[in-house]
Amino acid sequence: MSGLSRRRLLGAAGMGVTLAGAGVAAAAYSATTATAPASSPADVVPFRGTHQAGIVTPAQDRLHFVALDVVDGDRAALQRLFQKWTTAAERMTVGAEVTPGGALNRNPDAPPDDNGEALGLPASQLTLTFGVGPGLFEKDGVDRFGLAAKRPAALRDLPSFTGDDLDPALSGGDVCIQACANDPQVAVHAIRHLVRMGMGVTAVRWSQLGFGRTSSTSTAQSTPRNLFGFKDGTNNIKAEEPDELARHVWVSGGDQPWMEGGTYLVARRIRMHIEVWDRTSLREQEAVIGRDKGEGAPLSGGTEFDPADYSAVGEDGKPLIPLDSHIRLASAESLGGVKILRRGYNFVDGTDGHGHLNAGLFFIAFMRDPFAQFVPMQSALANNDALMDYIEHTGSAVFAVPPGVGEDGYWGEGLFA
Amino acid sequence: MSRRTSAVTVCAGIAAVALAGCTSTAAPQAGTGEDGAITVTASDTACEVSRTEAPAGTITFSVTNTGSKVTEFYLYATGDRIMGEVENIGPGITRQLIVEVPDGGDYTTACKPGMVGNGIRGAFTVTGTAQRSTDADAKLAEAVAGYQRYVTSQVETLVVKTQEFVDAVKAGDVEQAKALYPISRTYWERVEPVAESFGDLDPKVDGRDDGEPGVPFTGYHRLEKDLWVDGLQPDSNEMADNLLADIKELQARVATIELTPVQLANGAKELLDEVATGKITGEEDRYSHTDLYDFKANVEGSQAAVAALRPVLDEKDPSLGPVLDQRFAAVMTLLEGYRVGDGFKLYTELTEDDTKKMAEAIDALAEPISQVAGVVTA
């Protein structure tokens, strides 16, 4: 029964795919958001288009992110894997099994291609977003896949920042795949099967589950709260702001033609010391963030979406939004106009072994140049942000996210052109 | 599947010959060879085969070890598929290998002085065809028969090596027993899925100290704990005797076992599962930390099962075999990097990065291996 409905979905998506061929993807995408708000879990987000899905797509509720190392194989094996991944990814984003009939009706002596844990579940707005790390182009001084000349200047390891406590086992990676969906089982199903397909060429380096988006990426969405209890992403770049996206997110006129229309993904695993935070007074919490906790309004006054007035001072002559507050230091005003598109998720990964929850925010942001945007922003925050007393960056990675996949294209095809 | 009966007969014949050779400490009967047997003179540095060509059918090798190290002799088909092997040939000993080679073609002989490495190899040609194996059932039957020959030979050596281990334990020679422990286990680990199919023997022989309360802790790992941690106990000798009795019981049962091609394929996969869940974690040999010996033996056993099925695989999905060749080779190359002398580094000497690499290599191999059963029965 469920198999039938999934096949119907696939048929419908097949039409969508045809429509979404080069160029009109943005239009098709807008139509989706206009007619089907994020609350409808059965939505299929078009896989193909000018840009990859999962960036300006209204942030879904759940994340499964994986960073992989390329451990074996040559250039041809890598290319074949990217092609296989693309086919499987597209199928899964419409709610289909990883291969036609892959979960059922197979030789009983063979393991199923698709383990079936997503059978009967709707597409859940699954998006799969693919990126490549610096190590794909050169690792330990070796150009393993003849790709060194294809490395964009903006794709290189991030510098270390004050207060970083990075775990190499939670950092880096040659390839990343971000799965976002409104059902965690759908997201995990997708990553699990892509990982399986990669065995022999790729192996998991690290993986992160996230629940509860910590940013809105569309004006149609309300602003969510992170695990500090504050609204997060009020001032984020939104899907409905094409000029801002063009200026801050999409690569154009860069040094590598294959990245035209792509973007860069910075991932930071930020551990939150929530137990310490919970013992902090409301006044202190609001001063650290720079907003009021209930409404999310800047401490300079007004309501959530009113612009912050960083020059406003109180009766005591001190700035209403403290100089070391998070929103001030991260603001475009104090960073010479720098903005990024944030798309992070909360996480709780069991315990830290010291009687605490291992909780935090898995920060994901998209931008056209990490060194012109993320690096100056994080430098300012790492050195001055009052929030640093309550957080610790424990993982870090940067990936180049190629442009969207055209009608007959596949993930990262520009690398092999 | 009518050939199964004759295959079992051949097995039994080999077992009998091998046992006879095994117990023989008489002077080598080598020389010209009897009944058309091809003589093999295996020294520490050479592997002289009296003839390098034979007609298809039953081929008999009479292997004499003239060197100072224990040696082995193999006949391989393409892809190192073991057609037949005779192991554990001590210095001065002659043993026979009787092998069924139905198809003509290029084969390889190899002596392995010290029982390690790729061996001293030579080309061997088989002419003509003894039995046409166009029938898929016949090929499957030959695969099963070939693997049963392998199991028989492994268990036969297991008995010998366990005897040596047990003797050392009972002599109170702890150092010698420690040295023999990982060696004797090698033969168990290679055929573990078959041994495990006898549900009562596996816990007695290979059980760990984490069973239910009231379940006695016996077998290899109990003696391992005595040797490495507790020192020999009042009942260690009894444990040793029981272990040997259980291994001999295994040998008796293996002689009558009837396997299917799917069992072979699943066995190949299960051996890698053993590596993934028991060896890479250091759980198996938690007192001696000799897990890498078991690791290698599991992979070798998996390779032997796949090799037996190889003609069927090559017929039904020619793309799978080369992938398996490459990934088996990758695992073996990785393991060789941890070799120390005739053995391996201890598990406790491995870094997290080492075990991560091993796990990745096993995943890379196990994923295509998991396809074998389906291909074989398709």
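Letters A, B, ... are given to chains in the order of the sequence lines, protein chains preceding strands, and every chain is numbered from 1. If you're wondering where the values come from, they're calculated on a predicted model, not measured in any experiment.
Residues satisfying the side-chain hydrogen bond (donor to acceptor under 3.5 Å, both in side chains) criterion with A:Thr394, sequence neighbours excluded, are A:Arg269.
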Which donor-acceptor pairs lie under 3.5 Å between chain A and chain B?
| from | atom 1 | to | atom 2 | distance (Å) |
| --- | --- | --- | --- | --- |
| A:Asn107 | ND2 | B:Gly374 | O | 2.8 |
| A:Asn107 | ND2 | B:Thr377 | OG1 | 3.1 |
| A:Asp109 | OD2 | B:Thr377 | OG1 | 3.0 |
| A:Arg196 | NE | B:Glu367 | OE2 | 2.6 |
| A:Arg196 | NH2 | B:Glu367 | OE2 | 3.2 |

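Residues B:Ala364 and A:Gly200 come closest through the heavy atom pair CB-CA, 3.1 Å.
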